[in-house]
Visitor: 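First the structure, which I've put down as structure tokens, then a few questions once you've had a look.
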Amino acid sequence: MRTTAGGFGAVALLICGAGLMVRIAWEGVLRHPAAVVPAAALIAAGVLLGYRRRTRLRPRGRPGPLSEAVQELFDPPQEPVSSPGPDSRPLDDDGMARTAVLPEPVLEPVLEPVLEPVPEQEWEPAGPEEEAQEALDADGFEDAIAALCERDGCVDVQVVGGAGDLGADVLATAPDGRRLVVQCKYYGPDNKVGSQDLQRFGGTCYAVHEAEIAVCVTTSAYTTPALDYAEQCAIVCVDGEALAAWNDGTAPPPWC
């Protein structure tokens, strides 16, 4: 600031001195016209000498006080902005670098299969000595369907299949509160569920068991008339392929 003020003061003195010299010279011209040329030469020589002296006193390439003041007015210095480095991280209240906290991954529940795949040779026609074993497999199939319902969120699961079951093998309450009635058909691959089977189930599942969701599950397949009847009566049909997907957890339960 002192250098800038000194520069402005020097300029003001030069301007005042130059004005005074011009005034004196003009009055001299009016009095002595013949002295105009020598006076002009002396003034020019004085100005040139003063300019060369200021140039020698100031180092080359460095602006003077006046130039520095003008430069500061129209082009103020800017503070250097440092770009954040790759390791720069926001600081907490203690001045320590914050550590990014990644959310923990959400793991989907793994559903354990209930049914084991049945080899085709076990579906061969059974003789009289194997009828008891075949009936045991059918009962085990009903238990497995009940376990699948319980695995997928059903409550109050009951296996009621047998004599006098009136078409219902498994009773349960679905996760959304609806009453679930399931009929199980443990058939071989060549024995399809026909429309008569579904008609017997359709005549009791709603009227007798008060089902809100009626499901028929088989290890085999359904005939076309059986599927047509099931669609009319709102019975969900699960064949062997859909049962395998439900068992593996790759397909939703039949009540969804």
Side-chain angles (χ1 to χ4, degrees), residues 111-174 179-230 233-256:
L111 300 179
E112 294 292 337
V114 175
L115 292 169
E116 296 293 335
V118 180
E120 292 186 0
Q121 58 267 22
E122 294 189 11
W123 291 110
E124 295 179 356
E129 299 178 355
E130 299 176 352
E131 290 182 357
Q133 179 67 29
E134 184 178 356
L136 180 61
D137 291 339
D139 293 340
F141 179 63
E142 294 176 0
D143 294 336
I145 297 303
L148 279 176
C149 294
E150 189 172 6
R151 184 199 69 177
D152 291 343
C154 292
V155 296
D156 301 329
V157 181
Q158 304 176 31
V159 179
V160 295
D165 59 11
L166 298 177
D169 295 321
V170 178
L171 300 178
T173 302
R179 182 172 176 79
L180 175 66
V181 179
V182 183
Q183 186 181 55
C184 303
K185 294 296 183 181
Y186 189 69
Y187 286 174
D190 297 330
N191 187 13
K192 295 184 178 181
V193 180
S195 61
Q196 294 181 354
D197 296 327
L198 286 183
Q199 287 175 15
R200 287 192 292 269
F201 178 57
T204 59
C205 62
Y206 293 108
V208 177
H209 301 291
E210 299 180 352
E212 295 178 279
I213 308 172
V215 179
C216 183
V217 182
T218 183
T219 53
S220 179
Y222 297 88
T223 63
T224 301
L227 293 175
D228 294 339
Y229 176 82
C233 297
I235 298 175
V236 180
C237 293
V238 179
D239 58 11
E241 184 177 355
L243 175 60
W246 177 23
N247 180 54
D248 296 339
T250 57
W255 55 82
C256 293

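Because the structure is a prediction, the values reported are computed rather than measured.
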Visitor: Looking at every non-hydrogen atom in both residues, tell me the closest pair between Ala214 and Phe201 and how far apart they are.
Guide: CB-CE2, 4.0 Å
Visitor: Which is it for Lys185 and Cys216 under the side-chain contact (heavy atoms from CB on, under 4.5 Å) test, yes or no, and what are the steps along the way?
Guide: CA-CA 8 Å; Lys185 294 296 183 181; Cys216 183; 4.2 Å; yes
Visitor: Among Thr223, Asp197, Thr218, whose side chain to side chain contact (heavy atoms under 4.5 Å, CB included) with Lys192 holds?
Guide: Thr223
Visitor: Show your reasoning for whether side-chain contact (heavy atoms from CB on, under 4.5 Å) applies to Trp255 and Cys149.
Guide: CA-CA 10 Å; Trp255 55 82; Cys149 294; 4.0 Å; yes
Visitor: Do Phe141 and Leu243 make a side-chain contact, defined as non-hydrogen atoms from C-beta onward lying under 4.5 Å apart?
Guide: yes
Visitor: I need the minimum non-hydrogen distance between Arg179 and His209, along with the two atoms involved.
Guide: NE-O, 2.7 Å
Visitor: Heavy atoms only: give me the nearest Ile235-Gly202 pair and the separation to one decimal.
Guide: CD1-CA, 3.9 Å
Visitor: Tell me the closest heavy-atom pair linking Cys184 and Val170, and the distance in Å.
Guide: SG-CG2, 4.2 Å
Visitor: Does any N or O in the side chain of Ser220 come within less than 3.5 Å of the main-chain N or O of Tyr187, such that one atom is a donor and the other an acceptor?
Guide: no
Visitor: Which residues pass the side chain to side chain contact (heavy atoms under 4.5 Å, CB included) test with Ala242, sequence neighbours left out?
Guide: Val238, Asp239
Visitor: Do Leu171 and Val181 have side-chain heavy atoms sitting under 4.5 Å apart?
Guide: yes
Visitor: So which heavy atom on Ala234 is nearest to which on Tyr206, and how close?
Guide: O-OH, 2.7 Å
Visitor: For residues 150-162, tabulate all N or O donor-acceptor pairs below 3.5 Å that involve a side-chain atom, not counting sequence neighbours.
Guide:
residue : atom : partner : partner atom : Å
Arg151  : NH1  : Glu112  : O            : 2.9
Arg151  : NH1  : Asn247  : O            : 2.9
Arg151  : NH2  : Trp246  : O            : 2.9
Asp152  : OD2  : Trp246  : NE1          : 2.7

Visitor: Apply the side chain to side chain contact (heavy atoms under 4.5 Å, CB included) test between Pro254 and each candidate in Val182, Val215, Leu180; give the one that qualifies.
Guide: Val215
Visitor: Considering non-hydrogen atoms only, spot the tightest contact between Ala230 and Leu198 and give its length.
Guide: CB-CD1, 3.8 Å
